[in-house]
Amino acid sequence: MSETHPTGNTVEKPWTGRFSEPTDAFVEAFGASVGFDQRIYRQDIAGSKAHARMLAHVGVLSEAERDSIITGLDQIQNEIERGEFRWSIALEDVHMNIESRLTALIGEAGKKLHTGRSRNDQVATDVRLYLRDEIDLIQTELRRLQGNLIDLAEREADTIMPGFTHLQTAQPISFGHHMLAWNEMLQRDAERLADCRKRVNIMPLGSAALAGTTYPIDRSFTARELGFAMPGRNSLDGVSDRDFAIEFISAASLLLMHLSRFSEELILWVSSQFNFVEISDAFCTGSSIMPQKKNPDVPELVRGKSGRVYGHLIAMLTIMKGQPLAYNKDNQEDKEPLFDTIDTVKGCLRVFADMMGCSKDAQGQSRCHVVPRREVMREAARRGFSTATDLADYLVRKGVAFRDAHEIVGKAVALGVRTERDLSEMSLAELREFSSAIDEDVFAVLTLEGSVAARNHPGGTAPERVREAVQLARNLLL
Ligand code: ARG
């Protein structure tokens, strides 16, 4: 049955044989996915070409038919890329739009392309191909962000800042060490994505509608053509489960959670109360009413965007949970959450990688966009009694039990709070009031540099170890 499309074209739905009345107009629009699934046109065309080559390889299509299909598909790809392709809602999705155009272009051979396959295995294959490519792009951006963080860590290995627990000054640390903590989280995110990719890269094509096909297909041939690691082992599973997409969105949620935490710290650090870092104007905006403001929009927006990705994860889990085997139309709902997750992750990584990096200004000078204020951080570390643990450790080395040492230092800190002085600003006589085990050599451990350098073991904050960790982190990036 043919129907008239709003463009004036008459379109032929490929499945109307058993139908006697046309689709309700709203149902047609309601069920159509072409508005959003046209973004996988390249994968759909690649999948169809591989399928046609395989059908010719096993003798189901002639070589002439195969060649005509491939030429037709190439032309369609050109039409789409030049913006000349007319997408039709009546043809529901990207698959039927392309197939219908192919038949219009090449005639009989076009009608043979769908031999031995179904849109069910076709769409599952296309989405996997698409996601595989996108994971690779995401990994590239992630590596760029990590590289910039590692460079920053190297530049600032000797920069001292207060480390926090409970957001209270705890102990002095190297700013570089702090950057490398962020990098560790990203490294795990990259590993999770790489692992997820292995399960994305399994080919559903050949599952056909659900049970496989009666044609003598060669699935290894198609898998090789499309760069899949292997054909899926079960046709029902191949057309139905979207766990690979859920797994990706779950890895993306963790990544966004990490970016949200970094963002939160940057937002605190640029506030005038902390004033630990400066972010280039290019990554901030002003206020339309308060002239003094410079707002950290980029980190705020990234922190906010984690919300939509978590939402997509819950959406996808919910879409999947009630479905009996095998394919159900519910699965068409996998695309928007997946695509939006991909777009969000790529956008956040791109802007974060740019912001954590350096670029050349108009004069050709390299300028870094997140610049620590070394003096401010140093002063903050000095004021917060951040070397109190070092004094306790010092007393332990002099034979005092740790619990007693803790008590002694607590009293010294109380005096510091009353008199607004750091431990290093007290005289030896004053300190000895708290413990006779304290000698002149105590001042060496009360300095920030001494405190940081003393944590000198793998994983510790000593600048020497930070520089070592920078090398290790770079090696893991390769
Ligand atoms: N547009 C559909 C989807 O996104 C393609 C598969 C449709 N299959 C079907 N038998 N209706 O999932």
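The structure presented is a predicted model; accordingly, all values stated were derived computationally and were not measured. Whatever order the structure lists them in is the order used to number ligands and atoms, beginning at 1.
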task = Spell out, as yes or no, whether a donor-acceptor pair under 3.5 Å connects the side chain of D121 to the backbone of L205.
result = no

query = Mind checking whether H178 and F175 have parallel, tilted or perpendicular rings, split at 30° and 60°?
reply = parallel

query = When only distance counts, is K329 in polar contact with ligand 1, meaning an N/O pair under 3.5 Å?
reply = no

For atom 9 (C) of ligand 1, the protein heavy atom that lies nearest, with its residue and separation = N120 OD1, 3.5 Å

ask   = Identify the closest protein heavy atom to atom 11 (N) of ligand 1: which residue and atom is it, and at what distance?
value = R119 NH2, 3.5 Å

message = Which residue is it: H114, E92, H95, E99? I am looking for the one with a side chain to side chain donor-acceptor pair (under 3.5 Å) to R119.
response = E92

key: N or O pair under 3.5 Å between N331 and ligand 1   = no

task = Verify, without hydrogens or angle tests, whether D241 (side chain) and D243 (backbone) share a donor-acceptor contact under 3.5 angstrom.
result = yes

ask   = Is K346 paired with E134 through a side-chain N to carboxylate O contact shorter than 4.0 Å?
value = yes

key: Nearest-contact summary for atom 2 (C) of ligand 1 - protein heavy atom, Å   = Q332 OE1, 3.3 Å

Backbone or side-chain N or O of Y327 under 3.5 Å from ligand 1 N or O = yes

task = Check whether NZ of the Lys or CZ of the Arg R219 lies under 6.0 Å from the centre of the six-membered ring of F228 and within 45 degrees of that ring's axis.
result = no

Geometric class of the Y130/F339 ring pair [parallel <30°, tilted 30-60°, perpendicular >60°] = perpendicular

query = Does K335 come within less than 4.0 Å of ligand 1, judged by its heavy atoms?
reply = yes

request  = Give the numbers and elements of all ligand 1 atoms closer than 4.0 Å to a heavy atom of S33.
outcome  = 1 (N)

inquiry  = For atom 5 (C) of ligand 1, which of the options L210, D93, D37, I40 provides the nearest non-hydrogen atom?
reply    = D93

